[in-house]
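Source: prediction; values computed, not measured. Each chain gets a letter, A, B and so on, in the order its sequence line appears, and its residues count up from 1.
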Protein chains: 2
Amino acid sequence: MPTIIDIAKKAGVSFKTVSRVLNEEVNVRPATRQKVLDAAKILNYRTNTAARNLRSKRPKVIALLINNPSQSYTQSVQLGALLGCQKHGLYLSLHTKYDKKTIASLASNAETIGFILTPPISDNEKVLETLSNLRKPFVRLGTEHSKAIGTSICIDDRQAAYKITEYLIGLGHKHIGFIKGHVDYQTTTHRLLGYQEALEANGLIITNKLITQGDFSYASGLVSTERLLSLTKKPTAIFASNDEMAAGALAAAYKKGLRVPDSLSIVGFDDSPIAMAVYPQLTTVRQSLSDMIEKAVEILAKLQTDNKNQIVILDHALVLRDSTGPALDT
Amino acid sequence: MPTIIDIAKKAGVSFKTVSRVLNEEVNVRPATRQKVLDAAKILNYRTNTAARNLRSKRPKVIALLINNPSQSYTQSVQLGALLGCQKHGLYLSLHTKYDKKTIASLASNAETIGFILTPPISDNEKVLETLSNLRKPFVRLGTEHSKAIGTSICIDDRQAAYKITEYLIGLGHKHIGFIKGHVDYQTTTHRLLGYQEALEANGLIITNKLITQGDFSYASGLVSTERLLSLTKKPTAIFASNDEMAAGALAAAYKKGLRVPDSLSIVGFDDSPIAMAVYPQLTTVRQSLSDMIEKAVEILAKLQTDNKNQIVILDHALVLRDSTGPALDT
DNA sequence: AGAACAATTGACAACGTTGTCATCATTACT
DNA sequence: AGTAATGATGACAACGTTGTCAATTGTTCT
């Protein structure tokens, strides 16, 4: 493996200058920088993180605050965080408690770079206030809260919900039930908005009877769907705000003897592992949790004092599988 | 943080001797070793992996071969492997291809310590043969194959299946359906054996009609259960060889209008995330995948030439949740 | 006892990077 | 134009460990 000394020789500068370029320090002439970067590229240089961590006195720990009942969510996030940390030579410390004391003690540790908050903690006012006072950087996942504290990373939940609703409308569905997520989550609001806007834009009426309250759990999806299917004017499609509730909706449909997607279409949201583990496999919205968290780690890793309070919006995609089909004629 | 030099001062030896003790090298007098270990304990020493990795020329990469359709399985394993690697200062390289060429190229890399094989690759004869010839150590997960090649790590699937079957029998169930797993997996055989032995030991007859072939997928659990429930002599309980099939079984029960656990008890196996995401939550067998894989990493990390071909059997536990209840009187 | 050998321990370099400080080049100011 | 301030670069030490090899101690054999 090439070292910065090899690069230095090739570029005709001192190895310290190479180090400066690679660490994006100021006070390097653009021409010099370019020479170094070219040489690094040719030699296919990769930082030796062991050496860097040994010598560097920079903080290297990222504190991940996570408290989500869904184990698969927790796992995905943890995996992404770990991969991100590995990439940037950082260490991860994982926490499920987020009281003032815990956060303060983490923040006072000189090793700690900053925090990553996952929903619903991302929108917890107390935590946000505590962190703001402590002057440690933090990144909030899955929220685009207007209040500009810290950096936020999310997808455009509203647009995604809009698109998947429009997809159902395109299949001929006119009565589309909606199962809301847990009230503590900001995504709950945005997904509902997207659904409502899509109906409106396509000349359909928004009926409150077709909108039920869930909490992101399988059981709530089951119960909500039972309620929706007992309406006199039954929906021909159901939009569950996440995949677990969609799985519950599937079970409720089976219970009623409705075939999916023949008699009822069901869509979820997230493209979590459950979406493929279920029969029929769910049409859903893919958001890459691991991308999200890797981005969060990257932001903290490359933190400069100037780039605070941005909002990063990542891509999403409709995933069409087997749980959706044309609406039945009524 | 204390260094080996601090320990050396406290123990009155040279820092090189401390290094030797901590690396479990030979040729250290027992008394010296003890002095060093005591000093290390008092100072609460922790190895600086950055420094170690920088200087050490030992290989540091573990190749993980994984090809499992279940995303949640893949995630758990990857997470455990990453945590294990972090703990031992190693790097993980992940592979879903396992043809001869891929394996050979990984093995020829001097950086590679060894391989971890996950089911069903753990029992793939071709792979095992290739690896044996390449003389790189490997650890096989989820198998206790009698053929003693490489180290194997597993739980006692047979005993676990026995116990959960006996639990059902204890609830009064006399007709217990069984859904087999995918044929490529060795666990499939052992879980079936445990089921059969429990029936036999409790004076129940083993009926082939009550045993159906699945493949670990939700869909196969659904179909198998439908078949079992259409028998003239219906089972009052169903033992699915994993949680995904148990989830499918739940859906089939709903479809038939059977309440779980009132009219039908269902048990799964693995205690995967799905077991809690489903309603009612599944009674199942917990096996800690992450423990399993961490152990695998540890074995490779501390590899000595002498301890090959062992079989490590980890603990399991019955997890009683809401999908099981007393048998209906017939 | 003395020689030969093995076991045990230590001195010191080296890994590839960042931190500190010194030096040289350039710009800004009087 | 001369001086001060700033920008750009370099020389070298240092991080905490392992690798190499030499020095010391203990053991075995003649």
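Between the side chains of B:Ser70 and B:Ser72, a donor-acceptor pair is found at a separation under 3.5 Å.
Between the A:Arg140 side chain and the A:Ser152 main chain, no donor and acceptor come within less than 3.5 Å of each other. In this structure a side-chain-to-backbone donor-acceptor pair under 3.5 Å is present from A:Lys136 to A:Thr112. Side chain of A:Asp6 to main chain of A:Thr3: a donor-acceptor pair is present (N/O by atom type, distance under 3.5 Å, no hydrogens or angles). A distance-only check finds a donor-acceptor pair linking the side chain of A:Thr118 to the backbone of A:Leu65 [under 3.5 Å].
Here salt bridge (Lys or Arg N to Asp or Glu O under 4.0 Å) pairs that include residues 91-120 of chain B, with residues two or more places apart or in two chains, number zero.
The CG-C1' distance, from A:Asn53 to C:dG19, rounds to 15 Å in whole Å. Distance CD1 (A:Ile7) to P (D:dG10): 14 Å, rounded to an integer number of Å. The separation between A:Lys35 atom NZ and D:dT9 atom C1' is 11 Å, rounded to whole Å. Put simply, NZ on B:Lys9 is 19 Å from C1' on C:dT9, counting in whole angstrom units.
The base of C:dG19 is not paired with the side chain of A:Arg20 by any donor and acceptor separated by under 3.5 Å.
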**Request:** Determine, stepwise, if the pair A:Asp315 / A:Arg286 fulfils salt bridge (Lys or Arg N to Asp or Glu O under 4.0 Å).
**Result:** CA-CA 9 Å; A:Asp315 283 344; A:Arg286 169 173 302 155; over 6 Å; no

**Request:** Check the pair B:Val297, B:Ile116 against side-chain contact (heavy atoms from CB on, under 4.5 Å), reporting the backbone distance first and the verdict last.
**Result:** CA-CA 8 Å; B:Val297 172; B:Ile116 296 178; 3.9 Å; yes

Could you go through residues 78-91 of chain B and list every donor-acceptor pair under 3.5 Å that involves a side-chain atom there, pairing it with any protein atom two or more places apart or in another chain?
from    : atom 1 : to       : atom 2 : distance (Å)
B:Lys87 : NZ     : B:Glu294 : OE1    : 3.1

Throw together a table of side-chain donor-acceptor distances under 3.5 angstrom for residues 31-43 of chain B, partners on residues two or more places apart or in other chains.
from    : atom 1 : to      : atom 2 : distance (Å)
B:Arg33 : NH2    : B:Glu25 : O      : 3.4
B:Gln34 : NE2    : B:Asp38 : OD1    : 3.1

N/O to N/O distances under 3.5 Å, protein versus nucleotides 12-17 of chain D:
from   : atom 1 : to      : atom 2 : distance (Å)
D:dA14 : N3     : A:Arg55 : NE     : 2.3
D:dA14 : N3     : A:Arg55 : NH2    : 3.4
D:dT17 : OP1    : B:Tyr45 : OH     : 2.3
D:dT17 : OP2    : B:Ile4  : N      : 2.7

Taking N or O atoms only and anything under 3.5 Å, show me the protein contacts with nucleotides 5-8 of chain C, one pair per line.
from  : atom 1 : to      : atom 2 : distance (Å)
C:dT8 : OP2    : B:Asn27 : OD1    : 3.0

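With the end axes of the helix from C:dA1-D:dT30 to C:dT30-D:dA1 each set by five pairs, the angle from one to the other reads 30° at 10° resolution.
In plain terms, the two heavy atoms of A:Tyr98 and A:Ile103 that are nearest each other are O-CD1, 3.6 Å.
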